[in-house]
Amino acid sequence: VLLLKAHRAVGRVAWIATLFWDLLGTIKRRLIFRQDVVMATEKLGKGKLLFAAIKAFLLTSLAILSFEVVAYFNGWHCFQNPSLHIPSDDDIQGLLHLVYVTWLPFRADYIAPLIQALSKFCVALFLVQSADRFMLSLGCFWIKYKKIKPRIEGDPFESGDVEGCSYEYPMVLVQIPMCNEREVYEHSISAVCQLDWPKDRLLIQVLDDSNDESIRYLIKAEVATWSQRGINIIYRHRLERTGYKAGNLKSAMSCEYVKAYEFVAIFDVDFQPSPKFLKQTVPHFKDNPELGLVQARWAFVNKDESLLTRLQNINLCFHFEVEQQVNGVFLNFFGFNGTAGVWRIKALEESGGWLERTTVEDMDIAIRAHLNGWKFIFLNDVKVLCEVPESYEAYRKQQHRWHSGPMQLFRLCLPAILTSKIAIWKKANLILLFFLLRKLILPFYSFTLFCIILPLTLFVPEVELPVWVICYVPVFMSFLNILPSPKSFPFIVPYLLFENTMSVTKFNAMVSGLFQLGSSNEWVVTKKAGRSSESDLVAATERESKITNQQHIPRGASQSEFTEYNELKEQKEAAPIRIKKVNKIYRKELTLAFLLLAASVRSLLSAQGVHFYFLLFQGVTFLLVGLDLIGEQMS
C-alpha cells in the first residue's frame, strides 16, 4: 500500500513538473522566439494609456520590491509589525538605509491614507454589488419554488375549420442579419427554413452585409436552394454597410411588404432555432396587447470545447436564468439580447425603430420600448442553439463591445429616462441598477480592487484588505453564479480568477464608452467556428443526400438563370481555405501578471499565506490569458 501511494505521489509530482515545463516552454517560444505569435495591436487611445499606466505601476512595484528584499535581508525592520521602529542617526548603516528610513514615514503619512480611502470605497461598491447578486439569486429560487413561468392557455391556433386553414396564424417575418460569416450561414438558414409555421404566413429575410463576393455567392446559393423547395425566403444585400447591424435591420424593416406582418423574429447567423420556436413564443402575444417582446434563452453547442467556453457558459447561464428571468417575472423588463427573440412590429415602430447611434442597438430599442410602456417576457424553457467564442481574441472583442456600448447608451438615454412618464421606481431601476451598478460599478471595482489595490496593500503594509474581501465573499458569489450550471462546479476557482482577469478588458471598454474614447463606435463581428450539435449533423447529412438526388433545374428556367445557378453551385462546392491559427500576446494582461507575481513574492516575505496563494494563482491566470493559452482545446 505504501508503495502504491508513493507511486501515485510521484506520478502527480511528475505531472505537475511536466505541466510546469510545458508552460515554461510556451513562454520561451512566445515571448522570446515569437513562434506563430503576433503582438495584439492596441487600436484604442485609452488602451495605450491604460497599458502605459500599468507598465509604470509594474516598474515602480519591482523597484519597491527590490528595495524591500534588501531591507528584509539586512534586518532593517520587521514585516510582522506595521508600527515600525525608526532608528536614530547613529543606527543608519549607509545611504540606502537612509533612503529607506525616509521612505517609511512618507509611506505611512501620505500614501497609506489615500490607498485606504480608495480601498474602503471599492469594498463598499463590492458589497453593494454582491447584495444585488444575492437578491437576484433569491428571486430565482423563489421562481423555482413557486414554479412561476409564462404559460399559454389552451391551443391558441385551434380552428373549427376541418381543412385546417391557417387564418388564425399571424403573419411573421423572420430576419437573419449576417456579415462575412462563411462558417455558420448554412446552419442558420437551414434551421429557420424548417420552422413549423404555415408557409403563406411566414417570410424569411436573409440580410447579407458581406463585402466578400465569394461568401455572397454561397449565401445566394443556399437561399436559392430553399426557395426552390417552396420556402418563402428572399435575399437582401446592402451596397453600403452603414450602421452595422442596426442599419441592416432598419433597411430591411423599411420594405413595403413588411407592413403586412405583425411580428418579427430575429436570429443571428450562428443561431439554430428548433422547428417549434414560433409556436412556443408567438402565442404569448395573444390577448396581451401590452406585450412587445418575447425573448428565448440561448444554449451553446460548444460549451465543453475548452476552458474558455466553459467559463463563458457559467456567466451566460447566470445572465439568462437569474438576471433576465427574475427581471422578466418581477419587472417585465430586461435588455433584449439582439437575437432569439420575437418583437411586435408595432412596439418597434412606436419606440422609434432601430437606431444606429450605438453598438448595442438591441439594448437601445429595449430601453426605448420600456420607456413607452411595453412589457417583455423571458422564456427560460425555450432554448435556441448557438455558439460562444472559442478564441480569447474573439471573446475579448465581444466583451469590449458589450461593455463600451451600454456606457455610451447611458449617456444618450439618461435625459429620456429622467423626462419619461414611467414610475419613479422604474427610473431608479434603470439608472441605479441596470446601468450604474451592473454596467459601470462591476468592472470598476473588480479591476481596481483586485488588480490595483490588493498589490498596493502588500507594498504599503499600513493598509490591509480583510481576508473575507479577498477570499470568502468572492468565493460565495462565484458559488451563486455557478448554481444555474451545476456541472461547472469543478471550475469555480478558475472562474473566479478569470473574471478578475477579464476586468481589465471590461474596465477599459467601460471607460472608452463612457467618455467616447478610441473606437467605441466600432463594430467587430465575433468570429464563429460553425459548430453543430449531433442531431443537427444527422439532419444536415439527410438534407445533403436529398439535395444530391434532386439536383436539377426546374423546367422553364432561362439561360441566365441556368448560368447563375451553375456559378452558385461551383462557389458552394469550393472548399474554404483553412487559416492556420495564430496566437497573440496581450501586453496589458502579461504586465499585470508580472505585477501580481511580484506582489505574491512580497506577501511571501511578510508571511501572508492567503494573499500569497491568491496573488500567485491570479498572476498565473493573467499569464495564461496574456499568452493566449486560455482558449486551447481541452483533452
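Basis for what follows: all heavy atoms, side chains included, without hydrogens, waters or symmetry-related copies.
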Pairing of [X] and [Y] as salt bridge, 4.0 angstrom limit:
{"X": "Lys506", "Y": "Glu499", "result": "yes"}
{"X": "Asp304", "Y": "Arg310", "result": "yes"}
{"X": "Asp196", "Y": "Lys276", "result": "no"}
{"X": "Asp362", "Y": "Lys245", "result": "no"}
{"X": "Lys259", "Y": "Glu349", "result": "no"}
{"X": "Asp208", "Y": "Arg216", "result": "no"}

[X] side chain to [Y] main-chain N or O, any donor-acceptor pair under 3.5 Å?
{"X": "Glu222", "Y": "Leu218", "value": "no"}
{"X": "Ser227", "Y": "Val223", "value": "no"}
{"X": "Thr225", "Y": "Ala221", "value": "yes"}
{"X": "Lys421", "Y": "Gly373", "value": "no"}
{"X": "Glu262", "Y": "Leu173", "value": "no"}
{"X": "Gln516", "Y": "Gln408", "value": "no"}
{"X": "Asn302", "Y": "Glu390", "value": "no"}

About how many Å separate [atom2] of [Y] and [atom1] of [X], when rounded to the nearest 0.5 Å?
{"X": "Asp270", "Y": "Glu181", "atom1": "CG", "atom2": "CD", "value": "7.0 Å"}
{"X": "Arg344", "Y": "Lys375", "atom1": "CZ", "atom2": "NZ", "value": "12.5 Å"}
{"X": "Glu356", "Y": "Asp364", "atom1": "CD", "atom2": "CG", "value": "11.0 Å"}

Compare every heavy atom of [Y] with every heavy atom of [X], then report the nearest pair and how far apart it is.
{"X": "Ala369", "Y": "Ser351", "result": "CA-OG, 3.2 Å"}
{"X": "Gln280", "Y": "Ile152", "result": "O-CD1, 4.1 Å"}
{"X": "Ile365", "Y": "Gly353", "result": "CD1-O, 3.6 Å"}
{"X": "Pro406", "Y": "Phe435", "result": "O-CE2, 3.5 Å"}
{"X": "Val326", "Y": "Gly139", "result": "CG2-C, 3.8 Å"}
{"X": "Ile431", "Y": "Leu418", "result": "CD1-CD2, 3.7 Å"}

Going by heavy atoms in the side chains, are [X] and [Y] under 4.5 Å from each other?
{"X": "Leu195", "Y": "Ile204", "answer": "no"}
{"X": "Ser488", "Y": "Asn313", "answer": "yes"}
{"X": "Lys439", "Y": "Met510", "answer": "no"}
{"X": "Glu321", "Y": "Arg297", "answer": "yes"}
{"X": "Ile189", "Y": "Ile219", "answer": "yes"}
{"X": "Phe491", "Y": "Ile482", "answer": "no"}
{"X": "Lys250", "Y": "Glu361", "answer": "no"}
{"X": "Asn180", "Y": "Ser210", "answer": "yes"}

Judged by modelled atom types alone, do Asn315 and Tyr495 share a side-chain donor-acceptor pair under 3.5 Å?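 Yes.
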
Using a distance-only test with no angle check, is there a side-chain donor-acceptor pair under 3.5 angstrom linking Asn232 and Asp200?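 No, no side-chain donor-acceptor pair sits under 3.5 Å.
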
Yes or no on side chain to side chain donor-acceptor pair (under 3.5 Å) for Asp212 and Ser214, after CA distance, side-chain angles and deciding distance? CA-CA 6 Å; Asp212 188 329; Ser214 64; 2.7 Å; yes

Report the relative orientation of the aromatic rings in [X] and [Y]; use parallel for angles under 30°, tilted for 30 to 60°, perpendicular for over 60°.
{"X": "Phe376", "Y": "Trp343", "result": "perpendicular"}
{"X": "Trp354", "Y": "Phe336", "result": "tilted"}
{"X": "Phe271", "Y": "Trp298", "result": "perpendicular"}

Go through it in stages, so that I can follow the logic: the residues are Lys279 and Tyr169, the test is side chain to side chain contact (heavy atoms under 4.5 Å, CB included), and I'd like the CA-CA distance, side-chain angles, deciding distance and then a yes or no. CA-CA 10 Å; Lys279 289 189 175 181; Tyr169 287 82; 3.8 Å; yes

